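Scroll down for the structure; my scribbles are underneath it.
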Amino acid sequence: MNFSLYIAKRYLRSKSSNNAINFITIIALIGVVLGAASLFVVLSGFAGLKDFTLQFSTVVDPDLKAETYIGKSFTLTDEDESKLNSIDGISIFSKIVEERVFVNSDNKNNLAIIKGVDGNFNQVNNVDSIVVQGSWLEQKTNRIVSGWGISRNLSFGVLDYGKAINLYVPKPGKGQITSTKNALNTVKTINVGIFDVNEKLNDNYIYSSIDLAQQLLNYKPNQISAIEFKLENNANKALIKSKIQHILGDKIVVKNRVELNDALYKMLNSENLLIYLLLTLVSALLIFNVIGSIIMMILEKKQSLNTLFNLGVTVKSMRRIFFLQGSAITLIGCVIGLFIGFVVVLIQKKFGLVPITPTLAYPVSFKLKNFIIVFLTISVLGIISSKISATKIKKKLISSY
């Protein structure tokens, strides 16, 4: 057996004759346990909050979306549509028309975004899960489905025939405007449903048939704003994305679900990184108690170290003894801390003891990467602490006893 490892194990198992040193060692171990447990609990809590946020933000996002970044619309030819249908891995796709419109009802106005969708849209996205009142719209009708916020702001409900809902959009063209009638395209609609996803979508979006949106915007039948794709399970997203890009050309950009919510993902990841760095700093302060514990142990064992030195044990080997002892304290504390953190997160997941609201428990989520991150972080900090304390052993300190 390795000599340094053998002595380190003996020192770790045996109690010191000095109770103060035993107490300091226990404090150091508790510091490592608290650092690991708190880091794991907070990362699991943030992972749960991130999943909870994205659950609502991406509920109406497709697997892939093709949209133009030059202008507001593009033309999808029959040939291109046929080529898209022939791509293996695409389950179905829906043609979309999007534009800002004015919504007027009972002398109240609201700026919104109309999203004209074709008959495939409810197969690309699970619309049944977002419609909380009424029903989904039908094609080739003047029916719309409004966000909860727009419905509230303009004071209309479902199938409220007593209140006309007018959509306005400026007509394209040049020259001086002589009257509002010549300046705006308008259609009268009836609201048949109300959806509830999140505040941003609820306050800004209304859904209509694609024909109504094209009529309002003076679009041609094959003129659209975007295409949303639903892929088959286990489909190669990267390969399909490149094939779609090749068919539609360079003027079209194809985005996956992460890219569609790029700003949100960046914000959540930045917050996650900031929280991790702050907790790592706190954990480092707790774990650096290991330095004090090892140094006190070195001072207490000066006589034994002098004997070992006289027997021919090198200073390097003695440093290794206390390096291994400090590393062992860190690893034991890390494992215990991870176990405690796991139990705390499991209890919250099952019983929801910490609530956000009276009806909603704080979300938590188990992620394998969080176990790995915590283990590596605590281990590295512990190894650094052990290395620093072990370097305090010098030949002058041992031989002068």
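Since the model is a prediction, treat every value here as computed from it, not as a measurement.
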| said: Less than 4.0 angstrom from a charged side-chain N to a carboxylate O is my criterion; do E228 and K255 meet it? | reply: no
| field | Neighbour count >12 (heavy atoms, 6.0 Å) for atom OH, Y69 | value | yes
| said: I'd like to check R100 versus L111 (side-chain heavy atoms, cut-off strictly below 4.5 Å). Are they in contact? | reply: yes
| request: For S38 and L279, work out which heavy atoms get closest and say how close. | output: O-CD1, 4.4 Å
| Where do S135 and V145 come nearest, in terms of heavy atoms and distance? | O-CG2, 3.7 Å
| field | Derivation and outcome, side chain to side chain contact (heavy atoms under 4.5 Å, CB included), residues I165 and K188 | value | CA-CA 6 Å; I165 303 171; K188 291 184 178 181; over 6 Å; no
| query | Under 3.5 Å, side chain of N269 to main-chain N/O of Y265, donor-acceptor pair present? | reply | yes
| message | Does any part of the side chain of N256, heavy atoms only, come nearer than 4.5 Å to the side chain of D63, both counted from C-beta? | response | no
| query | Q348 versus V345: any side-chain heavy-atom pair under 4.5 Å? | reply | no
| Is the CG atom of D250 crowded by more than 12 outside heavy atoms at less than 6.0 Å? | no
| A112 and V103: which non-hydrogen atoms are nearest, and at how many Å? | CB-CG2, 3.8 Å
| query | Step by step, would you call L39 with N370 a side chain to side chain contact (heavy atoms under 4.5 Å, CB included)? | reply | CA-CA 9 Å; L39 186 58; N370 286 339; over 6 Å; no
| task | Would you please test E81 and K95 for side chain to side chain contact (heavy atoms under 4.5 Å, CB included) and show each step? | result | CA-CA 10 Å; E81 189 169 351; K95 292 177 283 188; 3.6 Å; yes
| field | Backbone N/O of G147 and side chain of S151: donor-acceptor pair under 3.5 Å | value | no
| said: Does either side chain, that of N85 or that of S82, offer a donor lying less than 3.5 Å from an acceptor on the other one? | reply: no
| query | What is the minimum heavy-atom distance between A47 and S365, and which atoms define it? | reply | C-CB, 4.0 Å
| Does the side chain of I144 reach to within under 4.5 Å of the side chain of Y207, using non-hydrogen atoms? | no
| said: Donor-acceptor pair, distance only, cut-off 3.5 Å: does the side chain of S209 make one with the backbone of Q139? | reply: no
| request: Side-chain contact test, heavy atoms from C-beta onward, threshold under 4.5 Å: evaluate it for I206 versus I150 and give yes or no. | output: yes
| Test item: Q245 side-chain N/O and G249 main-chain N/O as donor-acceptor pair under 3.5 Å | yes
| query | I194 and V131: side chain to side chain contact (heavy atoms under 4.5 Å, CB included), yes or no, with the steps? | reply | CA-CA 6 Å; I194 295 174; V131 177; over 6 Å; no
| task | Working to the nearest 0.5 Å, report the span between CZ of F375 and OG1 of T377. | result | 11.0 Å
| Side-chain donor-acceptor pair under 3.5 Å between K251 and T68, yes or no? | no
| field | Residue that, paired with Y205, satisfies side-chain hydrogen bond (donor to acceptor under 3.5 Å, both in side chains) out of K115, K200, E98 | value | E98
| query | When you check the gap from the basic side-chain N to the acidic O, do D51 and K367 get nearer than 4.0 Å? | reply | yes
| message | Would you say CG of D78 has more than 12 non-hydrogen atoms from neighbouring residues, nucleotides or ligands within 6.0 angstrom? | response | no
| Near E271 CD, under 6.0 Å, is it more than 12 heavy atoms from other residues, nucleotides or ligands? | yes
| query | Does CZ belonging to F102 count more than 12 external heavy atoms closer than 6.0 Å? | reply | no
| Nearest 0.5 Å, what's the CG-CZ distance between D80 and F74? | 9.0 Å
| query | Passes ring pair (Phe, Tyr, Trp, His ring centres under 6.0 Å), F342 versus F40? Steps please. | reply | CA-CA 8 Å; F342 175 81; F40 179 77; 7.2 Å; no
| query | Say you draw a straight line from OG1 of T186 to CG of N104; how long is it, rounded to the nearest 0.5 Å? | reply | 8.5 Å
| request: Could you tell me the separation between the CD1 atom of I252 and the CG atom of L76, rounded to the nearest 0.5 Å? | output: 9.0 Å
| request: Using only heavy-atom distances, determine whether the side chains of N202 and D196 contain a donor-acceptor pair under 3.5 Å. | output: yes
| Between E259 and K65, is there a side-chain N and carboxylate O pair less than 4.0 Å apart? | no
| message | Can you confirm whether K163 is buried at NZ, in the sense that more than 12 heavy atoms of other residues, nucleotides or ligands lie under 6.0 Å from that atom? | response | yes
| message | Quick check against the 3.5 Å criterion: does N153 have a side-chain atom that pairs as donor or acceptor with the backbone of G149? | response | yes
| For I224, the option from D118, I96, T75, I210 that meets side chain to side chain contact (heavy atoms under 4.5 Å, CB included) | I210
Can you give me every donor-acceptor pair (side chain of residues 327-339, partner residue at least two apart or in another chain, under 3.5 Å) with its distance?
unit_1 : atom_1 : unit_2 : atom_2 : d
S327   : OG     : F323   : O      : 2.9
T330   : OG1    : G326   : O      : 3.0

| Quick one: CD on Q214 to CD on Q223, what's the gap to the nearest 0.5 Å? | 8.0 Å
| query | How about F156 and K108: do any of their side-chain heavy atoms sit closer than 4.5 Å? | reply | no
| message | On a heavy-atom basis, which atom in I244 and which in I87 lie closest, and how many Å separate them? | response | CG1-CD1, 4.0 Å
| query | Aromatic rings W136 and F121: how do their planes relate, parallel, tilted or perpendicular, breaks at 30° and 60°? | reply | parallel
| field | Passing option when N185 is tested against N218, L167, L217, V101 for side chain to side chain contact (heavy atoms under 4.5 Å, CB included) | value | N218
| field | Set of salt bridge (charged side-chain N to carboxylate O under 4.0 Å, His left out) partners for K50, sequence neighbours left out | value | none
| note | Closest non-hydrogen contact found for L346 with F366 is N-CZ, 3.6 Å
| message | Counting C-beta onward and ignoring hydrogens, is there a side-chain heavy-atom pair between V117 and N122 closer than 4.5 Å? | response | no
| request: Mind checking the OG1-CD1 spacing from T280 to I275? Nearest 0.5 Å is all I need. | output: 11.5 Å
| query | Is the side chain of R257 donor-acceptor paired with the backbone N or O of D61 at a distance under 3.5 Å, no angle test? | reply | yes
| said: Using a 3.5 Å distance criterion without hydrogens, assess whether the side chain of N125 forms a donor-acceptor pair with backbone atoms of V127. | reply: no
| said: Can you see whether N191 engages S146 through a side-chain donor-acceptor pair at a distance of less than 3.5 angstrom? | reply: yes
| field | Side chain to side chain, I347 and V344, heavy atoms closer than 4.5 Å | value | no
| Any donor and acceptor pair, going by atom type alone, linking the side chain of S242 with main-chain N or O of L239 inside 3.5 Å? | yes
